[in-house]
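Predicted model, so just to flag it, every value in this text is computed and none were measured.
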Amino acid sequence: VVDEESSSGSFAVAFQCESLPPGSDFVLEIDVTDLKITARFMKRCPTASQLASPHPLVHIKLGTKELPSVSSDDVIVAGERGAHSVSVDIFVDSPATAVAHDAVKVQSGASVLKAMMLGSIQSGLIRPESPQNAVVVLQCMASKEEPVVKVTVEVEVPRFKPTAVQFAARCNGTSPGYSASYGVLQENTAFQSRPDEFADLPMAARVNLGRLDYSTADVMFKGVPRPKYNVSAADLKPGAAETALERPHGGVVLFEVKHIQSVIEFSVWNQVRSMPLGYASMVVSTSNSRVLSASVATPPMWGYYFLLGEGGVINDGYKKLRIRLFCKDEGSALVVVSVLLDDGSSTEFGFAKLCTRPQIHVSRQVTTASSIMGWAVAALAFAGMAGLLWVTKDIIRNSKDLHSVFESRRRGGGAGGGTAASTGFGAGLYAGIDTHAPTVTRMSLSDSRRIE
């Protein structure tokens with residue numbers, strides 16, 4: 001992983017303990033020739049008893065907007081505004097620096113309340129400084145109450161027992177029963193032709209996206225992605241992603257971001273600006289985390305006009321959505337952007353990203369932000385000193401010239417001007433001096449010879 005801000009990088013070593021008996025030890029030596037770095041350490045593989053339990057350093061924390069930390073006694077009520085999603089943070093404790101994981105899964109045994117993940121998390125690495133974050137959507141499929149059910153969130157860590165956590169949830173009986181994916185309304189002709197029906201439709205029906213500006217909804221129109229951006233979280237599963245990249249749905253080639261492009265922006269606006277439109281969460285998922293990572297990015301300037309990943313509003317104005325793409329290896333991957341609206345409805349779109357293998361360039365003199373600032377300060381200081389010396393020299397030179405002028409005037413006046421008149425030098429000097437002015441403000445020399 002490369003940190004572009006500080007020009008530093010890190011890498012992870014995957015230990016293949018699967019081919020060794022549990023509890024085996026082996027010595028690993030890493031030698032980076034160009035950087036003259038050598039590391040040598042011993043790795044001990046997990047024992048059989050350790051593999052029978054969840055990974056001791058991997059943990060899951062749950063939370064909502066109303067409950068920053070969800071305990072086993074809390075019951076999350078779906079159907080109430082703002083309680084449609086549960087935030088899931090998967091993190092590791094020290095001394096672990098990176099732990100490989102497989103897919104994150106969500107399960108619920110209820111018939112009315114459905115729990116599903118917004119977006120998708122496949123295999124990847126969990127680091128202390130960058131935990132995995134998932135959003136679990138609680139969807140009531142009918143307007144009736146149901147007893148409290150248990151929802152399970154688990155992450156698979158290879159060879160270990162899955163790390164899992166449970167929480168309680170139920171429907172309140174007043175949910176509108178929207179589908180978790182808005183795409184089912186695509187063929188609703190009444191929706192297409194009667195704008196007054198927006199009041200009875202989910203918020204996702206009013207989301208428009210354009211690639212370049214706000215005049216053309218060429219990415220998503222009224223909550224439905226265009227064919228070139230018609231990618232869902234289901235397409236990110238192993239096998240399905242390769243199929244979508246090689247043989248797109250319906251024969252339509254997906255929009256592809258080239259390897260030289262690391263940021264892509266979209267324009268987002270509300271179809272009915274007089275109606276409120278807010279979203280609770282936005283998740284960016286990729287089909288292959290070993291090739292590509294993606295996230296919602298907000299620029300340091302003009303951030304008000306950009307959407308945030310943790311939620312916001314798209315009411316009577318226009319917003320921009322910026323996605324940052326970071327290539328880790330050569331290959332192609334799918335990117336899916338999933339949005340959960342405040343009323344519980346959701347929509348998503350995606351595209352393909354082409355990556356090349358990043359190249360590492362070794363330099364004896366590394367240029368960082370701090371070094372650039374240091375050079376800039378030194379250059380400004382040198383320029384200031386040079387300017388000060390030039391001004392001082394000019395003042396001294398003008399003082400000498402002015403002294404010579406008055407000295408010539410005094411001599412010329414006392415001798416009747418004979419010497420000055422015979423050479424023309426004094427006449428040239430007096431022509432540029434106003435003898436009635438109290439201060440000399442300007443002087444012109446008609447003689448080109450230097451006054452000593």
### Task
Kindly give the heavy-atom pair with the smallest separation between Val284 and Ala294, and that separation in Å.
CG1-CB, 3.5 Å
### Query
Does any non-hydrogen side-chain atom of Ile76 lie less than 4.5 Å from one of Val70?
yes
### Val135 side chain near Ser281 side chain, heavy-atom distance below 4.5 Å
yes
### Task
State, without any angle test, whether Thr216 and Asp218 hold a side-chain donor-acceptor pair at a distance under 3.5 Å.
no
### Message
Once rounded to the nearest 0.5 Å, what's the spacing between atom OG of Ser267 and atom CG of Leu321?
### Response
9.5 Å
### Query
About how many Å separate CG of Leu118 and CG of Leu340, when rounded to the nearest 0.5 Å?
5.5 Å
### Validation row: Leu334, Leu254 side chains within 4.5 angstrom (heavy atoms)
yes
### Query
Do the non-hydrogen side-chain atoms of Asp342 and Met203 ever get within less than 4.5 Å of each other?
yes
### Message
Between Val263 and Ile323, does the side-chain contact (heavy atoms from CB on, under 4.5 Å) criterion hold? Intermediate values first, please.
### Response
CA-CA 6 Å; Val263 173; Ile323 306 297; over 6 Å; no
### Message
Using a 3.5 Å distance criterion without hydrogens, assess whether the side chain of Thr243 forms a donor-acceptor pair with backbone atoms of Gly239.
### Response
yes
### Summary
Minimal heavy-atom distance between Cys17 and Arg159, with the atoms involved, is O-NH1, 2.7 Å
### Query
Is Ser53 reaching over with its side chain to a backbone N or O of Gln50, donor-acceptor style, under 3.5 angstrom?
no
### Message
To the nearest 0.5 Å, what is the distance between CG on Leu292 and CZ on Arg290?
### Response
14.0 Å
#### Entry: Ser69 side, atom OG; Lys61 side, atom NZ - distance, nearest 0.5 Å
5.5 Å
### Task
Locate the shortest heavy-atom distance separating Pro158 from Ala100; write the atom from each residue and the value.
CD-O, 3.4 Å
### Message
Donor-acceptor pair, distance only, cut-off 3.5 Å: does the side chain of Ser345 make one with the backbone of Pro202?
### Response
no
#### Entry: Backbone of Ala96 reached by a side-chain donor or acceptor of Arg127 within 3.5 Å
no
### Summary
Minimal heavy-atom distance between His259 and Lys353, with the atoms involved, is CA-NZ, 3.5 Å
### Value rounded to 0.5 Å, distance of CG in Leu354 from CD in Glu330
8.5 Å
### Query
What do the steps show when you test Leu57 against Phe91 for side-chain contact (heavy atoms from CB on, under 4.5 Å), and what is the final call?
CA-CA 8 Å; Leu57 301 179; Phe91 59 95; over 6 Å; no
### Message
With heavy-atom distances below 4.5 Å as the criterion, would you say the side chains of Phe160 and Pro56 are in contact?
### Response
yes
### Query
Within 45° of the six-membered ring axis of Tyr318 and under 6.0 Å from that ring's centre, is NZ or CZ of Arg273 located there?
yes
### Task
Would you check if there is a donor-acceptor pair between the side chains of His101 and Glu156 at a distance under 3.5 Å?
no
### Message
We want to know whether Gln166 and Thr152 form a side-chain donor-acceptor pair, criterion being a heavy-atom distance below 3.5 angstrom.
### Response
yes
### Summary
Correct closest heavy-atom pair for Lys320 and Glu265 would be CE-OE1, 3.6 Å
### Query
Aromatic rings Phe266 and Phe351: how do their planes relate, parallel, tilted or perpendicular, breaks at 30° and 60°?
tilted
### Query
Taking C-beta and beyond as the side chain, do Phe221 and Gln271 meet within less than 4.5 Å on heavy atoms?
yes
### Query
Are Asn208 and Val268 close enough, and set up right, to give a side-chain contact (heavy atoms from CB on, under 4.5 Å), and what steps lead you there?
CA-CA 6 Å; Asn208 289 341; Val268 188; over 6 Å; no
### Task
List the atom of Leu236, the atom of Ser120, and the distance in Å for their closest heavy-atom pair.
CD1-CB, 3.8 Å
### Message
Checking Val151 against Val106 for the side-chain contact (heavy atoms from CB on, under 4.5 Å) test, could you report, in this order, the C-alpha distance in whole Å, the side-chain angles of both residues, the deciding distance, and whether it holds?
### Response
CA-CA 7 Å; Val151 179; Val106 178; 4.0 Å; yes
### Over 12 foreign heavy atoms within 6.0 Å of OH, Tyr305
no
#### Entry: Residue pair Met220 / Val207, side-chain heavy-atom distance below 4.5 Å
yes
### Query
Donor-acceptor pair, Arg226 side chain versus Ala217 backbone, under 3.5 Å?
yes
### Query
Lys105 versus Val153: any side-chain heavy-atom pair under 4.5 Å?
no
### Task
Report the distance from atom CD1 of Ile264 to atom CZ of Phe255, rounding to the nearest 0.5 Å.
4.5 Å
### Task
Go through the steps for Arg44 and Asp25 under the test salt bridge (Lys or Arg N to Asp or Glu O under 4.0 Å), then give the verdict.
CA-CA 4 Å; Arg44 173 167 295 172; Asp25 298 337; 3.0 Å; yes
### Message
Please determine whether a side-chain nitrogen of the Lys or Arg among Glu29 and Arg40 lies less than 4.0 Å from a carboxylate oxygen of the Asp or Glu.
### Response
yes
### Query
Just by modelled atom types, is the Asp89 backbone N or O under 3.5 Å from a matching donor or acceptor in the Asn133 side chain?
no
